Trainee: 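Below are the structure tokens for one structure; questions will follow.
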Amino acid sequence: MNSFKKVCKVVFKIPKGKVLIYGKIAEISEIKNPRLVGSYLHRNQNPVKIPCHRVVKSDGRLASGYAFGGIKKQKEILIKEGVSFNLKGRIDLKKYLFTSQNCLAD
DNA sequence: CTCTTGACCATGT
DNA sequence: AACATGGCCAAGA
């Protein structure tokens, strides 16, 4: 299984109302550089199969230069999912960070 | 093959 | 909290 497949699987397993940061995905997917996670998704956007809107940065902010509909669009979706943002548009990772254990398991 | 770029992260200031 | 710096590795040009 290649890294891309792992990333897909992990991101796909993020439950509604939870978010996951790139670094965590990289860790789970056994990818050395978290940037690669973003790169994979960016080049291979697949919103239908992959809920990339539940993927945020380690700060709890949304990824910059998001291409699937804009930052605010993503924010709306997350809010609709049940994730709350603070005034600065930041997510409370303490509450919403999905601690994925064995996402790679089928 | 080499050089640049990137949906990032940790650390220091 | 915000900004700056260095590092990491794969894909594109």
Side-chain angles (χ1 to χ4, degrees):
Chain A
M1 182 191 302
N2 53 18
S3 335
F4 174 69
K5 209 78 178 270
K6 292 180 184 174
V7 173
C8 292
K9 191 168 285 189
V10 173
V11 176
F12 186 72
K13 290 224 171 187
I14 303 174
K16 181 179 176 184
K18 290 281 183 178
V19 295
L20 204 51
I21 64 178
Y22 291 96
K24 213 67 178 175
I25 298 174
E27 191 179 344
I28 297 167
S29 307
E30 298 173 329
I31 294 177
K32 315 293 197 301
N33 190 354
R35 307 190 92 177
L36 297 183
V37 177
S39 292
Y40 283 138
L41 295 178
H42 189 207
R43 296 201 325 275
N44 206 314
Q45 293 181 338
N46 207 334
V48 182
K49 307 179 77 169
I50 306 175
C52 12
H53 55 270
R54 297 182 190 146
V55 184
V56 299
K57 300 204 295 185
S58 62
D59 293 359
R61 276 187 284 184
L62 302 181
S64 52
Y66 212 79
F68 90 16
I71 299 290
K72 36 182 184 155
K73 190 72 178 180
Q74 184 183 9
K75 187 165 17 175
E76 278 188 34
I77 298 176
L78 288 174
I79 292 174
K80 218 177 296 182
E81 302 260 314
V83 179
S84 63
F85 285 72
N86 67 14
L87 301 177
K88 291 293 183 181
R90 204 168 283 181
I91 298 177
D92 186 355
L93 292 177
K94 294 277 189 180
K95 292 183 61 174
Y96 299 106
L97 182 60
F98 172 53
T99 51
S100 47
Q101 309 282 333
N102 52 346
C103 286
L104 295 181
D106 282 309

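Quick note on labels: first sequence line is chain A, next is B, and so on, each numbered from 1. All of these numbers come straight from a predicted model, not from anything done at the bench.
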Trainee: Would A/Tyr22 and A/Phe12 show up in the same hydrophobic cluster when neighbours are defined by side-chain heavy atoms closer than 4.5 Å?
Mentor: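 No; tracing contacts between hydrophobic side chains, which count when under 4.5 Å, never links both residues.
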Trainee: Closer to the 5' end of DNA chain C via nearest nucleotide, is it A/Arg90 or A/Tyr40?
Mentor: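 Upstream on the strand: A/Arg90.
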Trainee: List every contact pair, protein side and nucleotides 9-13 of chain B side both N or O, where the distance is under 3.5 Å.
Mentor:
| unit_1 | atom_1 | unit_2 | atom_2 | d |
| --- | --- | --- | --- | --- |
| B/dC9 | OP1 | A/Gly23 | N | 3.4 |
| B/dC9 | OP1 | A/Ser58 | N | 3.2 |
| B/dC9 | OP2 | A/Ser58 | N | 3.0 |
| B/dC9 | OP2 | A/Ser58 | OG | 3.4 |

Trainee: Please tell me whether A/Val19 and A/Ile71 are part of a single hydrophobic cluster in this structure, the criterion being side-chain heavy atoms less than 4.5 Å apart.
Mentor: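 Shared cluster, yes.
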Trainee: Backbone N or O of A/Lys5 within a donor-acceptor pair of the A/Asn2 side chain at under 3.5 Å?
Mentor: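 Yes, A/Asn2 side chain to A/Lys5 backbone: donor-acceptor pair under 3.5 Å.
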Trainee: Hey, does A/Leu78 have a side-chain heavy atom less than 4.5 Å from the side chain of A/Phe85?
Mentor: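 Yes, their side chains come closer than 4.5 Å.
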Trainee: Along DNA chain C, 5' to 3', what are the outermost nucleotides having an atom less than 4.0 Å from a heavy atom of chain A?
Mentor: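 The footprint of chain A covers C/dA1 to C/dG12.
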Trainee: Applying side-chain contact (heavy atoms from CB on, under 4.5 Å), name anything that partners A/Lys16, two or more places apart in sequence or on another chain.
Mentor: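 Listed in chain order: A/Arg54, A/Glu81.
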Trainee: Between the protein and nucleotides 4-6 of chain B, list every N/O to N/O distance that falls short of 3.5 Å.
Mentor:
| unit_1 | atom_1 | unit_2 | atom_2 | d |
| --- | --- | --- | --- | --- |
| B/dG6 | N7 | A/Arg35 | NH1 | 3.0 |

Trainee: Among all residues two or more places apart in sequence or in another chain, which pass the side-chain contact (heavy atoms from CB on, under 4.5 Å) test with A/Ile21?
Mentor: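 Partners of A/Ile21 by the side-chain contact (heavy atoms from CB on, under 4.5 Å) criterion, ordered by chain and then number, come out as A/Lys24, A/Val56, A/Ser58, A/Leu93, A/Leu97.
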Trainee: A/Asp59: what forms a salt bridge (charged side-chain N to carboxylate O under 4.0 Å, His left out) with it, not counting sequence neighbours?
Mentor: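 Counting only residues at least two positions away or on another chain, A/Asp59 forms a salt bridge (charged side-chain N to carboxylate O under 4.0 Å, His left out) with A/Arg61.
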Trainee: I need the minimum non-hydrogen distance between A/Val10 and A/Ser29, along with the two atoms involved.
Mentor: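 Here A/Val10 and A/Ser29 meet closest at CG2-OG, 3.9 Å.
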Trainee: List for me each residue that meets ring pair (Phe, Tyr, Trp, His ring centres under 6.0 Å) alongside A/Tyr96, sequence neighbours excluded, and say none if there are none.
Mentor: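 Ring pair (Phe, Tyr, Trp, His ring centres under 6.0 Å) check on A/Tyr96 returns nothing, list empty.
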Trainee: Is there a side-chain contact between A/Tyr40 and A/Ile31 (heavy atoms, below 4.5 Å)?
Mentor: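 Of all side-chain heavy-atom pairs linking A/Ile31 with A/Tyr40, at least one is under 4.5 Å.
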